[in-house]
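Ligands are counted one by one from 1 in listed order, and the atoms in each one are counted from 1 as well.
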Amino acid sequence: MCGIIGIIGREDVADRLLAGLRRLEYRGYDSAGVAVVENGVLARRRAEGKLDNLARKLAAEPLDGTVGIAHTRWATHGAPTEDNAHPHVVGEVTLVHNGIIENFKPLRDALIAEGRTFASQTDTEVVAHLVDRELQRGLSPVDAVKKVLPQLHGAFALAFLFRSHPDLLIGARLGAPLVVGYGEGETYLGSDALALAPLTQKIAYLDEGDWAVLTRDGVTIHDRDNQVVDRPTTISGLTGAMIDKGNHRHFMQKEIFEQPVVVAQTLGSYLRPLAGEVSLPIPEFDFTQIRRVTIVACGTSFYAGMVAKYWFEQFARVPVDLDVASEFRYREPVLEDGGLALFISQSGETADTLAALRHARAAGQKIAVVVNVPTSSMAREADLLLPTHAGPEIGVASTKAFTCQLAVLAALAANFARAKGRLSREEEQEIVRHLAEAPAAMNAAIAHDDEIEALAPLIAKARDVLYLGRGPDYPMALEGALKLKEISYIHAEGYAAGEMKHGPIALIDEHVPVIVIAPSGPLFDKTVSNMQEVQARGGKVVLISDAEGIAAAGEGTIATIEMPRVHPLIAPLVYAVPVQLLAYHVAVAKGTDVDQPRNLAKSVTVE
Ligand code: G6P
């Protein structure tokens, strides 16, 4: 999955394409490239690795041209080399692609049998050859693309540029997002509205199967049946200003520190604290008929879903199924009438989650979406849209989007419980009061940043780290381990504390730090028993708890991190902070690229 941008304009486009790629780098940073056409000449610059490498090349060898396309890559087919970097050029055709062409192998074999040679190992180059073949057979660029699109299986967003047609760009979308932008005497293609924000705010989202022909004067959009269609234009509301790190060293650090504010903002649209009421953005949605909830998500968002399962079952007494999106469709889930399928996603574009959403919709489920990008594909396909208000999250490792998801899910659980007659007025008031305390408690957690930083060099030496938690804090153990893996490249596992004795305890020795997440509450004693089983075997424990918990169980640990005393309901929001900070400081101590860790991308639009 990758980021794409195209401009057909009146002034040189290369610098603006590069600026667009900077806004798309969250989609991948294995390689990048730009191609422009001027006076019938196609010129291209490509570079392995981060965008700065391409920027250096462009500075050394600038490109002139008023029409061009550009790409930032997250490698799927073929190593992240310059040869595999987009744009790909075959004859007249230049092409960038986001997604996977699943039938590329038979197509490629057939093209090779016809005597065509390939310059890369990508699936993308197949598309360029197919379109070039149609051009050679005498079709126009528009007819050639129209003929090739139905031959492609898989998911794609494509942008085509033609050497002999400097007045033309063509875009196509199936299963991967693509937007069209309208400027003054210019038009644009982009993976999202953010990429186009400095160029225009006037955009149209292509629907599945759409393809669009862009000239300087306008855009003609066709649907999958090749009928000309109107897609509504919207004003995106995003500004051209580049989001910056403020006084922070990394976006991730800034985003961790922002959490009290953005969680408060998010709760502000789900709670009426003075009235002691939960209030969802779509009050008319009828929860009384919902008999089962199916939660589906990926990565960090999945762990938010895991916490929600505890809450929905505890408060609303509604049964919950939970799946990672890449498994959901393939296990043939039983989705009965009266089911609510709930999808959680920061980006709203994750391909596995989006495919799962469509599967659930086809199976007659009501669709609820907790999403941070309100213009995303998932947001647009929801019956019940539940936005988080985390603001743009740039660090690849999700932090503030996660805690905002938890805030929304807690409010949703309470709303559900009320609709089901499971929550008295007093109980609702109490839940609202506790949730309203979360931002201040998260602030108090952040105040322990220095202690956590001091602990980081010790953890940075480890090869393996274990995280333990119970109940809704078990997903925090999983999330803590994921954060550490993602950005410090240390092997880490999260376990349900009680499960340790069934295997992982064999790993324990003095070299494996064990991070125990144990807020005071009904599960504290049990978690501490499991922690003592680790200590009895020479394990080095870091205990994250409140003052009472540390007083009761801190003895014999190598370190303690003190959290404020909070109600168990909001403990996951508060205890997310120290595990994020620990991963952050360990990564800084190890000198890794915190905001853009190797092999990852923020938004994964391939299955
Ligand atoms: C990627 C990111 C993760 C994120 C996951 C799900 O793997 O690196 O940080 O949790 O995708 O993304 P979503 O946008 O659907 O929440």
min-distance protein heavy atom vs atom 12 (O) of ligand 1 -> Thr350 OG1, 3.4 Å

side-chain contact (heavy atoms from CB on, under 4.5 Å), that's the test. Do Val586 and Ile490 meet it? Break it down for me. CA-CA 9 Å; Val586 171; Ile490 294 174; 3.6 Å; yes

Salt bridge Arg73-Glu48, side-chain N to carboxylate O under 4.0 Å
no

heavy-atom search around atom 5 (C) of ligand 1 in the protein gives Cys298 O, 4.1 Å

Atom 3 (C) of ligand 1: of Glu486, Gln346, Lys483, Glu393, the nearest heavy atom sits on Glu486

| query | Are the ring centres of Phe287 and Phe285 closer than 6.0 Å? | reply | yes

Worksheet item: Is there a heavy atom of Leu600 sitting under 4.0 angstrom from any atom of ligand 1?
Response: no

Counting from 1 in the order shown, the ligand 1 atoms closer than 4.0 Å to a non-hydrogen atom of Ser347 are 13 (P), 14 (O), 15 (O)

So the atoms of ligand 1 within less than 4.0 Å of a heavy atom of Ser345 turn out to be 13 (P), 14 (O), 15 (O), 16 (O)

Notebook entry, point to check: When the ring centroid of Tyr467 is compared with that of Tyr495, is the distance short of 6.0 Å?
Noted result: no

Can you check whether Thr353 has an N/O within less than 3.5 Å of an N/O in ligand 1? no

side-chain contact (heavy atoms from CB on, under 4.5 Å) between His491 and Arg463, worked out = CA-CA 6 Å; His491 171 244; Arg463 241 187 61 193; over 6 Å; no

protein heavy-atom neighbour closest to atom 7 (O) of ligand 1 works out as Val604 CG2, 3.9 Å

Expected list for residues 261-270: side-chain donor-acceptor pairs under 3.5 angstrom, two or more places apart:
from	atom 1	to	atom 2	distance (Å)
Thr266	OG1	Val262	O	2.8
Thr266	OG1	His389	N	3.0
Ser269	OG	Thr266	O	3.1
Ser269	OG	His389	NE2	3.1
Tyr270	OH	Pro387	O	2.7

Proximity flag Glu349 to ligand 1, non-hydrogen atoms under 4.0 Å = no

Among non-hydrogen protein atoms, atom 8 (O) of ligand 1 lies closest to Ala601 O, 2.9 Å

- [ ] Apply side-chain contact (heavy atoms from CB on, under 4.5 Å) to the pair Val514 and Val542, showing each step before the final yes or no.
- [x] CA-CA 6 Å; Val514 181; Val542 175; over 6 Å; no

The closest protein heavy-atom partner of atom 11 (O) of ligand 1 is Lys602 O, 3.7 Å

Of Thr300, Val396, Thr399, Ile344, the residue with the heavy atom nearest atom 9 (O) of ligand 1 is Val396

Sorted by chain and residue number, the ring pair (Phe, Tyr, Trp, His ring centres under 6.0 Å) partners of His248 (sequence neighbours excluded) come out as Phe257

